[in-house]
There are 2 protein chains.
Amino acid sequence: MGRRSVHTADELRELILGASTELIEANGLAGLSAREIARRIGYSPGTLYNIFENLDDLVLTIEGRLLDRLDQALGDVPPASSPTQTVHRLAQAYLRFTHENPKLWNLLFEHHLPPGREVPAWYQTKLEGLLSRVENALAPVLTRSDDKRRAARVLWAGVHGITSLATTDKLSIVSTESAPALVDDLVSAYLKGLGEKQDQLAT
Amino acid sequence: MGRRSVHTADELRELILGASTELIEANGLAGLSAREIARRIGYSPGTLYNIFENLDDLVLTIEGRLLDRLDQALGDVPPASSPTQTVHRLAQAYLRFTHENPKLWNLLFEHHLPPGREVPAWYQTKLEGLLSRVENALAPVLTRSDDKRRAARVLWAGVHGITSLATTDKLSIVSTESAPALVDDLVSAYLKGLGEKQDQLAT
DNA sequence: CCGAAAATGGGACGCCGTTCAGTACATACT
DNA sequence: AGTATGTACTGAACGGCGTCCCATTTTCGG
């Protein structure tokens with residue numbers, strides 16, 4: 001068979017990404033297969049390889065879009081009266097996002113590149129963009145940029161840890177329902193502790 | 001071929017677990033395959049299924065032993081002068097353990113059971129045992145058992161988040177070298193913040 | 001209208017997990 | 001010692017997978 005031209009390359013690309021996303025939302029990374037994608041969109045497996053280098057490339061594309069969506073969700077958070085409150089809002093928005101897209105979110109951690117292959121540069125850039133949202137929220141309260149960097153990373157990792165344990169079947173040390181309370185507790189206690197430390201340094 | 005009886009069932013079990021562990025340490029879960037295990041130990045793939053129900057069963061067994069090893073490592077941590085210091089030591093011991101066994105540790109999060117299958121009861125028990133080590137360390141400083149539970153979970157999840165981001169290729173928001181400092185920062189600021197909260201409640 | 005380029009299908013290769021019938025061996029019994 | 005019994009084991013088979021590639025068909029430029 002030859003050129004069908006019932007879909008443009010871009011349309012085909014979106015078809016593939018759409019079908020892939022559905023498969024992942026249904027069954028995680030394990031539910032994804034080139035053959036199943038092809039079946040769903042009515043093309044043969046080989047066609048996928050005209051558009052994506054391989055499945056890893058496809059998955060990275062989906063991950064990129066997911067990071068964009070999270071960035072947008074965090075961007076939609078209105079700044080609150082205090083930096084502390086803003087961080088709380090960001091953390092809860094992150095939590096909400098992961099809760100609404102659990103399988104897709106897990107993709108970021110389920111998926112590994114084959115040994116030796118590096119993550120693309122734009123991927124790292126997107127992550128830094130997300131982190132900088134937290135850093136900016138912390139700016140009024142932490143002036144030293146090293147402190148800001150560290151605090152943002154600790155908070156990010158902490159919230160990630162909670163959501164990661166909550167959305168993973170394999171050990172719910174943390175239940176889905178308790179996650180928001182834990183996140184609040186982490187953010188408030190950690191920031192309070194940081195504040196006290198600063199006071200000590202100031203005296 | 002018939003019974004070889006060059007190895008007892010227990011020896012065979014250990015051979016299989018040993019080869020599997022090596023494969024995972026080399027290439028993560030992706031490096032594990034029933035056929036490759038069989039090749040390495042000089043048996044046919046079918047033999048594995050006399051001893052383990054399937055690969056998931058085998059992997060869960062490895063995970064169980066890993067959790068036991070971590071439990072032992074945490075048990076070897078000597079109590080410090082203050083509860084806060086003890087928690088610091090526990091956190092650093094956890095970090096060290098994951099750093100020394102990165103691929104094996106990642107197994108806990110890479111591996112998912114097929115949909116519908118639940119984690120065995122002993123697995124949950126082991127996890128609770130680990131958590132209770134943190135709770136016990138917090139006991140002198142947090143009397144309300146709810147507070148203890150929450151604080152232990154937040155700390156556990158927080159440290160997990162940091163190590164998880166540090167040991168994952170796919171985005172090193174956190175570098176391996178900076179992880180210990182982040183863990184210290186998290187523990188000290190969080191506990192300080194908790195202390196202040198308590199003071200407030202006491203007044 | 002024809003030739004060239006491009007897109008696609010479909011089969012092939014070498015993997016995978018898992019199952020199972022058959023076989024060769026060790027043991028138990030006579 | 002010889003035979004019967006049961007079991008540990010093999011190896012092939014099934015249906016799946018990712019990826020590659022060639023033949024074919026269709027579209028487009030001239």
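By convention in this document, chain letters (A, B, ...) are assigned in the order of the sequence lines, proteins followed by strands, and residues within each chain are numbered from 1. Please read all numbers here as calculations on a predicted model, not as lab measurements.
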By side chain to side chain donor-acceptor pair (under 3.5 Å) - contacts of [X] (at least two apart):
X         : value
Tyr190(A) : Asp185(B)
Thr86(A)  : none
Arg39(A)  : Glu36(A)
Gln92(A)  : Asp184(A)

### Task
Pull out every residue in residues 109-116 of chain A that has a heavy atom closer than 4.0 Å to any atom of DNA chain C, ordered by number, or say none.
none
#### Entry: Residues in contact with DNA chain C, drawn from residues 51-66 of chain B - heavy-atom cutoff 4.0 Å
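Under 4.0 Å from DNA chain C: Asn54(B), Leu55(B).
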#### Entry: Non-neighbouring partners of Glu177(B) that pass side-chain contact (heavy atoms from CB on, under 4.5 Å), sequence neighbours left out
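In terms of side-chain contact (heavy atoms from CB on, under 4.5 Å), with neighbours along the sequence ignored, Glu177(B) is linked to Ser175(B).
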Grab the [atom1]-[atom2] distance between [X] and [N] for me, whole Å please.
X        : N       : atom1 : atom2 : value
Ile41(B) : dT10(D) : CD1   : C1'   : 13 Å
Asn27(A) : dC17(D) : CG    : P     : 13 Å
Leu48(B) : dT19(C) : CG    : C1'   : 13 Å
Leu12(B) : dC9(D)  : CG    : C1'   : 10 Å
Arg13(A) : dA7(C)  : CZ    : P     : 14 Å
Asn50(B) : dG17(C) : CG    : C1'   : 15 Å
His7(B)  : dA26(C) : NE2   : P     : 15 Å

### Query
With respect to the phosphate group of dC9(D), does any side-chain polar atom (N or O) of Tyr43(B) fall under 4.0 Å of OP1 or OP2?
yes
Pairs under 3.5 angstrom only: tabulate donor-acceptor contacts from the side chains of residues 51-66 of chain A to other protein residues two or more places apart or in another chain.
from	atom 1	to	atom 2	distance (Å)
Asn54(A)	OD1	Asp56(A)	N	3.1
Asn54(A)	OD1	Asp57(A)	N	3.0
Asp56(A)	OD1	His111(A)	NE2	2.7
Asp57(A)	OD2	Glu53(A)	N	2.9
Thr61(A)	OG1	Asp57(A)	O	2.9
Glu63(A)	OE1	Tyr123(A)	OH	2.6
Glu63(A)	OE1	Lys170(B)	NZ	3.2
Glu63(A)	OE2	His111(A)	ND1	2.7
Arg65(A)	NH1	Glu14(A)	OE1	3.0
Arg65(A)	NH2	Glu14(A)	OE2	2.9

### Query
Do any pairs count as a salt bridge (charged side-chain N to carboxylate O under 4.0 Å, His left out) and have a residue in residues 110-126 of chain A, sequence neighbours left out, and if so which ones?
Asp68(A)-Lys126(A)
### Message
My understanding is that only residues two or more places apart in sequence, or in another chain, count here; which of them pass salt bridge (Lys or Arg N to Asp or Glu O under 4.0 Å) with Arg133(B)?
### Response
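Counting only residues at least two positions away or on another chain, Arg133(B) forms a salt bridge (Lys or Arg N to Asp or Glu O under 4.0 Å) with Asp71(B).
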### Query
What are the two closest non-hydrogen atoms of Ala91(B) and Val187(B), and how far apart are they?
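Heavy atoms of Ala91(B) and Val187(B) come nearest at CB-CG2, 4.0 Å.
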### Message
Which nucleotide wins on minimum distance to the side chain of Tyr49(A), given the candidates dT8(C), dC9(D), dG18(D)?
### Response
dG18(D)
### Query
If you look only at pairs with a residue in residues 156-165 of chain B, which of them pass as a side chain to side chain donor-acceptor pair (under 3.5 Å), with sequence neighbours excluded?
His160(A)-Ser164(B), Ser164(A)-His160(B)
### Message
Between Arg150(B) and Asp147(B), does any side-chain N to carboxylate O distance fall below 4.0 Å?
### Response
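Yes, Arg150(B) and Asp147(B) are salt-bridged.
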### Task
Determine the contact category for Ile37(A): base if any of its heavy atoms lies under 4.0 Å from a base atom, sugar-phosphate if only primed atoms, P, OP1 or OP2 are that close, otherwise nothing.
nothing
Would you tabulate the pairs of protein nitrogen or oxygen atoms and nucleotide nitrogen or oxygen atoms of nucleotides 11-16 of chain D closer than 3.5 angstrom?
from	atom 1	to	atom 2	distance (Å)
dA13(D)	N6	Arg35(B)	NH2	3.4

